[in-house]
Amino acid sequence: MRRLLLAGILRRASSSPSSHHHLHLVRALSASSPLPASDADLRKYAGYALLLLGCGAATYYSFPLPPDALHKKAVPFKYAPLPDDLHAVSNWSATHEPDSLPALHDALAAAHGDRRKLRPLGSGLSPNGLALSRAGMVNLALMDKVLGVDAKKKTVTVQAGIRVAELVDALREHGLTLQNFASIREQQVGGIIQVGAHGTGARLPPIDEQVISMKLVTPAKGTIELSREKDPDLFYLARCGLGGLGVVAEVTLQCVERHQLIEHTFVSNADEVKKNHKKWLSENKHIKYLWIPYTDTVVVVQCNPPSRWRTPKFTSKYGKDEAIQHVRGLYHESLKKYRTKAESNDPEVDQLSFTELRDRLLALDPLDKDHVIRINKAEAEYWKKSEGYRMGWSDEILGFDCGGQQWVSETCFPAGTLAKPNMKDLDYIEELLQLIEKEDIPAPAPIEQRWTACSRSPMNPASSSQEDDIFSWVGIIMYLPTSDARQRKEITEEFFNYRSKTQTNLWDGYSAYEHWAKIEVPKDKDELAELQARLRKRFPVDAYNKARMELDPNKVLSNAKLEKLFPVTEVQHEK
C-alpha cells in the first residue's frame with residue numbers, strides 16, 4: 001500500500017505583511033506515481049536511520065535547504081502559502097497515519113482523553129493551510145481502499161483517504177466515474193468534500209452533493225453513521241464540516257456512467273458574452289470563462305457529451321508550436337530588456353509549456369503593470385491561436401493547468417436561477433476589471449469564472465434551500481514565479497492589496513464569500529471581528545459550534561484558523 005510521505009516545508013521563502021510567511025511545500029513522493037515496494041522500504045529505513053541522528057535529522061527538516069535541493073525528485077507545490085507557525089510536517093513526527101477504522105477510532109479516543117490535538121489532514125492542497133496544525137494531525141493516506149461498488153445503483157463506497165485520481169481509475173472497470181471534478185485530481189476524497197470543492201456547470205452542484213452517506217469518527221461520540229435518512233441535519237452539516245466535526249473515514253458517493261466530453265475553446269469578448277450568457281449557461285453541461293485583465297479577451301471553455309448529429313472538426317488552424325510562438329517571442333524580447341542578450345538565446349525555452357513561459361516572463365518584473373499587461377496580451381494571442389475542439393474522457397477533459405505557485409482568492413455568490421440568471425455574475429466581473437484598471441493593479445491572467453448548482457450542505461458557500469439556485473465562483477490570482485525573498489514579499493503585499501480592494505468594493509454588494517480552502521484570517525482584531533460577524537450572516541455558525549462541542553468538546557480536531565473563524569464562547573462550551 002502506498003504510504004503518503006509529506007516532507008513538509010523545505011524552504012522558508014520570505015516574510016510577508018502582517019506577519020504572513022510564504023513557504024514552499026515540497027512533496028517527496030508524487031501522488032500520481034506510487035513508489036515500488038523496494039523503493040518504499042529503502043525510504044522507510046532511511047527515515048529510521050535519520051531518526052537515530054537525532055538533532056541532525058531535526059535540523060534537516062526544520063531549516064531551509066539549498067537552492068539545488070530540487071534535484072532530489074521533489075516537486076514544488078503549486079499553490080499558495082501555508083500558515084506562518086508551521087515549519088515541518090512528517091509522518092514520523094506529529095502526523096498520525098492509521099490504516100483502519102478501529103485504529104483511527106483509537107487514535108481520536110486517545111487524543112480526546114489526553115486533550116491533545118489531532119487535526120484531520122488530507123492531501124494538504126488547501127492554499128490557506130486550513131487542515132494544518134503544528135500540534136498534531138491525522139492523515140488517512142493508508143486508508144485508501146475501494147470498499148464496494150454497486151454498478152446498478154451507480155454508487156461507490158471508499159475509505160476517505162483515497163485520492164480522486166485513484167478512485168477514478170478504480171471506477172473505470174465498472175463503467176462509472178464521478179459527476180464532476182475540480183481542476184486537479186490529487187485531493188483525498190475526505191478533504192475534497194470537507195472544504196466544499198467544486199467543478200463547473202450550472203446544473204451540477206459542488207462535490208459534497210455527491211455524498212449520500214458517510215462514517216464520521218469523532219473524539220467524544222466515536223464512529224457515527226450519517227446519511228439523508230440517519231440524522232439528516234448532522235449529515236448535511238458534516239458533509240462540508242471543515243474537519244471540525246469529525247474525521248470522515250468512509251464515504252458512499254453517487255456516481256454517473258463513464259462518459260466522454262467534447263471541449264470547445266474559443267475567444268470572445270465582453271459584449272458577445274453578455275449577449276449569449278443565459279443561453280450558454282443553460283445549454284452547456286460544463287462552462288467557464290477565463291477573463292484576461294487589461295484586454296477585451298474572454299476565453300470561453302464549453303464541455304458537452306458528443307452528439308450523434310453534430311461532429312465538430314477537431315483540427316485546429318494553428319499547431320501548438322505556432323500558438324505559443326508569440327509568447328516565446330515576448331520572452332526573448334523581455335530578456336534583452338531585463339538581462340543580457342546572451343540569456344535571450346536560451347534553448348530550453350522551446351521546451352517550456354505556456355504556463356511555464358508565463359512564469360518565466362512574470363519573474364522578470366512581476367509587479368510592473370506595463371510588463372504584466374504585455375504578458376496578458378500575449379496570453380490573449382495564445383488563446384486565439386489555441387481555439388478548437390478536443391475529445392476525451394470527462395476526468396481528462398475537466399482538468400486545468402493552474403500554473404505555478406500562486407496566491408489565490410476565490411469567492412462564491414448567488415447568480416439567480418438557471419431559468420432566470422440575474423446577470424450579476426457578469427456585473428461582478430465588469431466591476432472587478434474596472435477596479436483593476438482604476439487602481440493600476442498588476443493583475444495577471446486569468447480571472448477564472450465558474451458556476452455550480454446549489455448544495456444542501458449549510459456550510460457550503462453555495463448552500464441554498466432553493467433547488468434551482470445557481471452560484472458563480474470567481475478566482476483572482478498572483479503568481480509567485482521567483483525564489484527571490486524580496487520579490488516574493490512584494491508580490492504577497494500586492495496580492496493582499498488586490499484582495500482587500502476586491503473585498504471592500506465587491507463582496508458585500510454581491511453577497512460573495514470566500515472558498516473555505518482559500519479564506520484568509522485577518523491579523524487585525526477589528527477586521528477579524530468583522531469577518532466573524534459576516535460569516536454569521538451566511539452560515540449557521542451557532543449550529544456548527546454546537547455540533548463541534550457535542551462531538552469534540554476538547555477541540556481535538558481544531559486549529560488556530562478554525563478557532564478564529566468560529567470562536568466558541570464559554571457558555572457554548574459549557575453546554
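All values reported here derive from a predicted model rather than from experimental measurement.
Aromatic pair F413/Y513: ring centres not closer than 6.0 Å.
When only modelled atom types and interatomic distance are considered, Q449 and W473 share no side-chain donor-acceptor pair under 3.5 Å. Between the side chains of R534 and Q503, no donor-acceptor pair of N or O atoms lies under 3.5 Å. In this structure, a donor-acceptor pair under 3.5 Å is present between the side chains of T482 and Q487. For the residue pair Y389 and T265, no side-chain donor N or O sits within less than 3.5 Å of a side-chain acceptor on the partner. Side chains of Y479 and D359: a donor-acceptor N/O pair is absent below 3.5 angstrom, by distance only.
Ion pairing of E272 with K275 is present here, as a side-chain N (NZ or NE/NH1/NH2) and a carboxylate O approach within less than 4.0 Å. The pair K317-E387 does not meet the salt-bridge criterion, since no charged nitrogen lies less than 4.0 angstrom from a carboxylate oxygen.
In this structure, H515 and H198 have tilted ring planes: the angle between them lies in the 30° to 60° band. Ring-plane geometry between F496 and W407 is classed as perpendicular, the angle between the planes exceeding 60 degrees on a 0 to 90 degree scale with a lower cut at 30. Ring-plane geometry between W280 and F266 is classed as perpendicular, the angle between the planes exceeding 60 degrees on a 0 to 90 degree scale with a lower cut at 30. The aromatic rings of W451 and H277 sit tilted, their planes meeting at an angle between 30° and 60°.
With rounding to the nearest 0.5 Å, the separation of CG in L364 from OG in S334 is 6.0 Å.
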